[in-house]
Amino acid sequence: MGATALAQERLIALREAIAKIEGGPPPDGLAPDAGETDDKRNRDYLGPATEACRLENLLPEGFPAGAMIEVRGAQLRNAGAVSGFGLGLCLSGQPYRPEKRILWIGDRFVAREAGLPHAAGLADYGLRPGELLYAMPRRLEDALWLADAALSCGAFSAVMLEVAGNPRGFGLTESRRLSLKAKNAGGFLLLVRQGGEEEASSASLRLHVEPAPAAARTLTDGSMLGGSIGKPVFRLVPEKSRIGVPHELILEWNEDDRLFYPATPAHAGTGPTHRPAHPGALVSPSLDRSAGAPTLGTVVAFDRAS
């Protein structure tokens with residue numbers, strides 16, 4: 001599996017080199033916009049840290065029509081963070097249109113291990129009622145068919161396909177087929193790989209997603225509430241990209257704006273206030289008592305009687 005992924009990465013690099021020599025755009029239509037100058041791209045990628053840690057540096061041209069992106073979590077215990085980032089990506093990358101929804105094709109094994117989406121939690125995350133449609137097919141073949149049909153009909157603003165690990169029935173051939181379907185139909189496909197290893201796929205961008213420490217919650221006066229937990233924070237490591245990107249991004253999700261911003265440092269604001277368990281007056285120590293248990297005498301080893 002690792003050798004196949006390495007060979008695929010070398011093939012992509014070779015195609016990029018050929019396109020650069022011929023003066024044509026990079027493969028899969030990920031060339032920068034014609035109006036974007038070299039100076040602007042240099043400012044995006046070589047600017048200060050606050051400008052480098054932005055999602056636009058991974059997708060400077062936005063979400064191109066027919067794009068396929070993969071997000072991966074190395075451990076299944078991070079399934080909530082990976083799914084949450086995937087939903088945020090679908091919300092932030094597409095304008096809100098009431099007539100179109102997001103289709104989340106879930107995996108049964110992931111649902112048994114990590115649970116199902118919760119309506120109240122989705123509302124707190126920024127989703128509007130009726131904006132998400134969740135489906136959980138019984139077999140992987142049914143999930144692939146559903147993703148293909150959803151991309152073909154054009155009724156969804158984004159299709160999020162969730163797979164557990166590295167299943168044998170979903171390889172480079174199936175990935176390529178879905179990528180071509182998304183490209184021809186002009187849809188957006190997000191592949192969410194839960195608890196899987198890195199492997200070759202037709203995704204134009206692959207991100208390794210992990211949860212990151214969140215800052216304290218911000219109060220109305222601008223101060224930080226010590227000991228609280230603020231907005232969700234994600235650590236992104238680009239594993240596959242055809243443009244120059246930072247080696248790591250720390251992004252914070254804003255459910256009101258439905259956008260990702262550079263994360264606030266976890267140590268920002270005042271630290272947690274440490275209070276005793278019983279803040280009342282302490283009891284005075286008792287008098288005229290022994291300081292502790294008396295020491296034991298010397299242990300003597302006796303000979304056996306017989």
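Keep in mind that this is a model prediction, so the values were computed, not measured.
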Any side-chain heavy-atom pair from [X] and [Y] closer than 4.5 angstrom?
{"X": "Phe234", "Y": "Leu249", "value": "no"}
{"X": "Pro232", "Y": "Glu252", "value": "no"}
{"X": "Leu122", "Y": "Leu132", "value": "yes"}

Indicate, with yes or no, if [Y] and [X] share a hydrophobic cluster defined by side-chain heavy-atom contacts under 4.5 Å among Ile, Leu, Val, Met, Phe, Trp and Tyr.
{"X": "Leu144", "Y": "Leu146", "answer": "yes"}
{"X": "Leu103", "Y": "Leu91", "answer": "no"}
{"X": "Tyr125", "Y": "Trp104", "answer": "yes"}
{"X": "Leu189", "Y": "Leu205", "answer": "no"}
{"X": "Val110", "Y": "Val71", "answer": "no"}

Just wondering, more than 12 heavy atoms not from Ile229 lying within 6.0 Å of its CD1?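 For Ile229, atom CD1 is not crowded (no more than 12 foreign heavy atoms under 6.0 Å).
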
When you look at Leu116 and Met136, which way does the side chain to side chain contact (heavy atoms under 4.5 Å, CB included) test go after all the steps? CA-CA 10 Å; Leu116 295 171; Met136 189 169 59; 4.3 Å; yes

Pair Thr173, Arg176 - check side chain to side chain contact (heavy atoms under 4.5 Å, CB included), show working. CA-CA 5 Å; Thr173 303; Arg176 182 63 176 172; 5.9 Å; no

Flag, side chain of [X] to backbone of [Y], donor-acceptor distance under 3.5 Å:
{"X": "Ser175", "Y": "Gly171", "result": "no"}
{"X": "Lys100", "Y": "Gly154", "result": "yes"}
{"X": "Asn254", "Y": "Leu259", "result": "no"}
{"X": "Arg72", "Y": "Leu207", "result": "no"}
{"X": "Lys183", "Y": "Met68", "result": "no"}

If the condition is side chain to side chain contact (heavy atoms under 4.5 Å, CB included), which residues does Asp124 pass it with, not counting sequence neighbours?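 Asp124: no side chain to side chain contact (heavy atoms under 4.5 Å, CB included) contacts found.
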
Over 60° means perpendicular and under 30° means parallel, so classify the ring planes of Phe85 and Phe260, tilted if in between.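 Ring orientation of Phe260 relative to Phe85: tilted.
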
Does a side-chain N-to-carboxylate-O contact under 4.0 Å join Arg128 and Glu255?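 The answer is no: the pair does not qualify as a salt bridge.
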
Is the shortest distance from a Lys or Arg side-chain nitrogen in Glu239 or Arg206 to a carboxylate oxygen in the other one below 4.0 Å?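 Yes, this pair counts.
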
Working to the nearest 0.5 Å, report the span between [atom1] of [X] and [atom2] of [Y].
{"X": "Ile102", "Y": "Tyr134", "atom1": "CD1", "atom2": "OH", "value": "14.5 Å"}
{"X": "Ser202", "Y": "Glu174", "atom1": "OG", "atom2": "CD", "value": "10.0 Å"}
{"X": "Glu198", "Y": "Glu70", "atom1": "CD", "atom2": "CD", "value": "8.5 Å"}
{"X": "Asp107", "Y": "Leu140", "atom1": "CG", "atom2": "CG", "value": "7.5 Å"}
{"X": "Ile69", "Y": "Lys240", "atom1": "CD1", "atom2": "NZ", "value": "11.5 Å"}
{"X": "Asp257", "Y": "Ser92", "atom1": "CG", "atom2": "OG", "value": "11.5 Å"}

Just jot down the salt bridge (Lys or Arg N to Asp or Glu O under 4.0 Å) partners of Glu210, sequence neighbours excluded, or say none.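 With sequence neighbours excluded, Glu210 shows a salt bridge (Lys or Arg N to Asp or Glu O under 4.0 Å) to Arg235, given in chain and number order.
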
Within the 6.0 Å centroid threshold, strictly below: Tyr261 and Trp253: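 No, too far apart.
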
Give the minimum heavy-atom separation between [X] and [Y], together with the two atoms involved.
{"X": "Ala263", "Y": "Val233", "value": "CB-CG1, 3.7 Å"}
{"X": "Ala81", "Y": "Val209", "value": "O-CG1, 4.2 Å"}
{"X": "Ala114", "Y": "Ala79", "value": "CB-CB, 3.8 Å"}
{"X": "Asp148", "Y": "Leu178", "value": "N-CD2, 4.1 Å"}
{"X": "His247", "Y": "Pro238", "value": "O-CD, 3.7 Å"}
{"X": "Gly106", "Y": "Pro137", "value": "O-CD, 3.7 Å"}

Contacts of Phe156 that satisfy ring-ring contact (aromatic ring centres under 6.0 Å, His included) - sequence neighbours left out: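 Expected list: none.
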
Tell me, with the steps shown, if Arg193 and Glu162 meet side chain to side chain contact (heavy atoms under 4.5 Å, CB included). CA-CA 6 Å; Arg193 192 182 299 275; Glu162 184 180 56; over 6 Å; no

Can you tell me if Glu131 and Ser157 form a side-chain donor-acceptor pair at under 3.5 Å?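 Judged by distance alone, the side chains do not pair up.
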
Side-chain donor-acceptor contact under 3.5 Å, Asn166 with Glu197: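 Checked: Asn166/Glu197 side chains show no N/O donor-acceptor pair below 3.5 Å.
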
Leu161 and Val192: side chain to side chain contact (heavy atoms under 4.5 Å, CB included), yes or no, with the steps? CA-CA 6 Å; Leu161 176 61; Val192 180; over 6 Å; no

